[in-house]
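Residue numbers start from 1 in every chain, and the chains themselves are labelled A, B, ... in the order their sequence lines are given, proteins ahead of strands. Reckoned from all heavy atoms, side chains included, excluding hydrogens, waters and symmetry mates.
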Number of protein chains: 2
Amino acid sequence: MANNYLAKSNTSEIPSATISRLVIYLRILEELANNDIREISSEKLATLAQGSAFQIRKDLAYFGTFGTRGAGYTVPTLLRELRRILGLTRQWNVVIIGMGRLGQALADYPRFVHYNYHLSAAVDINPELVNKEFSGLKVEDIRDLSKIIKERMVDIGFLTVPQKSAQEAADALIQAGIKGILNFSPTIITVPDNIHVETVDFLAGLKRISYYIK
Amino acid sequence: MANNYLAKSNTSEIPSATISRLVIYLRILEELANNDIREISSEKLATLAQGSAFQIRKDLAYFGTFGTRGAGYTVPTLLRELRRILGLTRQWNVVIIGMGRLGQALADYPRFVHYNYHLSAAVDINPELVNKEFSGLKVEDIRDLSKIIKERMVDIGFLTVPQKSAQEAADALIQAGIKGILNFSPTIITVPDNIHVETVDFLAGLKRISYYIK
DNA sequence: TGGTGTGAAGATGTTCACAGCG
DNA sequence: CGCTGTGAACATCTTCACACCA
């Protein structure tokens with residue numbers, strides 16, 4: 001891992017599956033902390049995460065050594081480290097693009113604050129929606145997107161526009177300097193390498209189910 | 001692939017990543033068909049899917065040979081084959097467990113019919129919701145779940161209950177003979193091997209974003 | 001000729017076994 | 001003594017190169 005200076009073109013990349021698992025571990029640790037459990041072994045954590053103890057130790061090893069040999073992990077410590085690794089210690093500013101039903105539901109979602117996500121703005125192209133307010137968030141004109149993103153230092157965009165406008169909206173976000181996009185539309189959007197996109201597509205999940213149960 | 005009878009314990013498993021990609025190819029082919037495009041090469045499809053041509057040919061090769069050497073693939077043919085592979089040629093019956101905001105939104109989602117998914121029922125534990133109607137779907141008592149699933153031959157459950165009740169609701173679904181669960185709650189649910197679960201968790205996606213952009 | 005289908009090579013991710021340390 | 005941390009073995013997935021065929 002460290003000091004293999006001679007590796008051919010060592011991308012030293014951490015598997016994306018590891019990142020997905022860290023998110024799972026984080027959730028479990030939060031629950032353990034809520035229940036005032038202070039110690040956990042990789043074996044027990046594996047049971048809760050439906051994974052393997054090897055895997056957990058390997059996943060964590062990419063980032064450092066957080067446990068105590070012979071004892072296991074201290075819940076609050078590991079929790080703090082996972083939050084740090086996942087970048088959840090600072091506030092992330094979010095803009096919602098598209099205030100249809102889904103955008104409205106997201107505006108009303110109560111748990112963002114808990115995770116240091118802040119809804120900085122909501123925009124839509126539809127003049128009928130502009131200036132309306134949802135859960136205390138006023139809808140602004142999409143033409144002001146660039147200004148909004150820059151002035152309020154928005155980091156992440158929730159893309160909840162109809163499929164047809166998804167790429168266009170994504171382009172506008174990127175143009176304005178967004179860093180990450182949570183794409184709720186069932187379309188592949190094209191972005192530069194330095195932008196990270198995660199897709200939330202329940203229909204895709206549904207189709208995978210039909211494959212497996214047929 | 002075929003006739004390797006001697007393989008040690010040949011699970012002959014198709015990579016789950018392949019299934020996820022097939023779903024993507026399907027979506028693209030539907031769009032091509034809508035635009036009356038009848039021919040596509042693996043190379044062009046790869047561009048649209050943001051993947052590689054090798055990968056596409058390999059993914060398809062798990063299931064048969066669908067193209068014409070020298071020519072490429074015929075869109076309607078490949079479309080039909082993908083639908084067959086993914087099990088989208090028959091109707092799937094769905095029950096929604098939990099008619100809160102998310103359950104209501106799903107009940108109102110117009111595109112299920114197009115994909116041969118049929119909303120057979122919606123249930124909730126809350127007496128105030130029972131007998132209410134959402135988008136033409138009447139909420140029934142969760143105590144009747146088992147009867148509903150058996151009588152209406154429900155295949156898939158949308159789990160949209162609060163986190164705390166997720167496992168309990170999943171158990172009820174499994175008990176009643178469901179085959180697949182689309183889990184919208186941010187919790188790992190435990191199920192027997194023969195039940196397939198897909199999780200839709202936008203908060204997890206959001207956390208992965210913060211990791212990558214920090 | 002052009003693009004698929006596919007064994008083989010290569011890269012990546014997972015599992016293992018055990019050394020190392022509290 | 002117990003459980004973590006980790007190099008090495010293994011398994012899986014992806015990429016490649018080219019044979020093959022319309």
Side-chain angles (χ1 to χ4, degrees), chain A residues 1-4 6-22 24-25 29 32 37-75 77-78 81-82 85 208, chain B residues 1-4 6-22 24-25 29 32 37-75 77-78 81-82 85 208:
Chain A
M1 186 75 249
N3 74 3
N4 50 351
L6 300 173
K8 317 160 208 191
S9 70
N10 180 18
T11 29
S12 174
E13 215 44 82
I14 287 151
S16 64
T18 289
I19 306 306
S20 294
R21 284 189 297 262
L22 291 184
I24 293 172
Y25 307 155
L29 285 166
L32 291 172
I37 293 165
R38 288 190 56 85
E39 308 282 335
I40 186 98
S41 67
S42 59
E43 200 64 59
K44 280 192 195 134
L45 186 51
T47 306
L48 295 171
Q50 299 190 7
S52 71
F54 321 127
Q55 186 79 80
I56 289 172
R57 298 203 298 271
K58 180 67 91 184
D59 285 338
L60 296 175
Y62 283 115
F63 300 96
T65 98
F66 309 115
T68 312
R69 291 176 196 236
Y73 301 91
T74 311
V75 172
T77 309
L78 192 51
E81 291 298 326
L82 283 176
I85 291 165
R208 287 193 294 266
Chain B
M1 188 74 251
N3 74 4
N4 51 352
L6 300 171
K8 318 161 207 188
S9 69
N10 180 18
T11 30
S12 173
E13 215 42 83
I14 286 150
S16 65
T18 288
I19 305 306
S20 294
R21 284 190 298 262
L22 291 184
I24 293 172
Y25 306 155
L29 285 166
L32 292 172
I37 295 165
R38 288 189 56 84
E39 307 283 334
I40 186 99
S41 67
S42 59
E43 199 64 59
K44 280 191 195 135
L45 187 51
T47 306
L48 295 171
Q50 298 190 7
S52 72
F54 321 127
Q55 185 78 81
I56 289 173
R57 298 204 298 271
K58 180 67 92 185
D59 285 339
L60 296 175
Y62 284 115
F63 300 96
T65 98
F66 309 115
T68 312
R69 292 177 194 232
Y73 301 91
T74 311
V75 172
T77 309
L78 192 51
E81 291 297 325
L82 283 176
I85 292 165
R208 286 191 296 264

| said: Using a 4.0 Å heavy-atom cut-off, does A:Ser52 contact any base of the nucleic acid, only the sugar-phosphate backbone, or nothing at all? | reply: sugar-phosphate

| note | Checking B:Leu82, B:Leu48, B:Thr77 against B:Leu29 for side chain to side chain contact (heavy atoms under 4.5 Å, CB included), the one that qualifies is B:Leu82

| said: Reading DNA chain C from 5' onward, which residue's closest nucleotide shows up sooner: B:Phe66 or A:Phe54? | reply: B:Phe66

| task | Between D:dG7, C:dG5, D:dA17, spot the one nearest the side chain of A:Lys58, thanks. | result | D:dG7

| request: Could you work out which one of C:dA8, D:dC13, D:dA8 sits closest to the side chain of B:Pro15? | output: D:dC13

| message | If I compare all heavy atoms of B:Ile24 with all of B:Ala49, which pair ends up nearest, and what's the gap? | response | CG2-CB, 4.2 Å

| note | DNA chain D nearest-nucleotide lookup for B:Ala71 and A:Thr65: closer to the 5′ end is A:Thr65

| query | Closer than 4.0 Å, any side-chain N/O of A:Tyr62 to the OP1 or OP2 of C:dG13? | reply | no

| remark: Whichever of A:Thr18 and A:Arg57 has the more 5' nearest nucleotide on DNA chain C, that residue is A:Thr18

| request: Grab the CG-C1' distance between A:Leu60 and D:dC3 for me, whole Å please. | output: 13 Å

| In whole Å, what is the span from the CD1 atom of B:Ile19 to the P atom of D:dC13? | 11 Å

| field | Among C:dT15, C:dG2, D:dA17, the nucleotide that comes nearest once only the side chain of A:Gln55 is considered | value | C:dT15

| Roughly, in whole Å, what's the span from CD in A:Glu39 to P in D:dT4? | 11 Å

| task | For A:Glu13 and C:dG13, give me the distance from atom CD to atom P, rounded to whole Å. | result | 9 Å

| remark: Note: B:Ile14 and B:Ile19 closest approach over all heavy atoms is CG2-CD1, 3.9 Å

| Is there a side-chain contact between B:Ile85 and B:Phe66 (heavy atoms, below 4.5 Å)? | yes

| Whole angstrom value for the distance that separates P of D:dT4 from CD of A:Glu81 | 16 Å

| message | Distance check needed: C:dT15 C1' versus A:Glu43 CD, whole Å only. | response | 13 Å

| query | Can you name the closest pair of heavy atoms from B:Ser41 and B:Tyr73 and give their distance? | reply | C-CD1, 4.5 Å

| field | Given D:dA19, D:dT14, D:dT6, the nucleotide with the shortest approach to the side chain of B:Arg69 | value | D:dA19

| message | I want to verify a distance call: between C:dT4, D:dC3, C:dT14, whose nearest atom is closest to the A:Ala17 side chain? | response | C:dT14

| field | side-chain N/O B:Ser41 vs C:dG3 OP1/OP2, d < 4.0 Å | value | no

| query | Any idea which of C:dG13, D:dC18, D:dT4 is nearest the A:Ser42 side chain? | reply | D:dT4

| request: Let me know the distance between CG of A:Leu78 and C1' of D:dG5, rounded to the nearest Å. | output: 14 Å

| How long is the line joining CG of A:Leu22 and C1' of C:dG13, in whole Å? | 15 Å

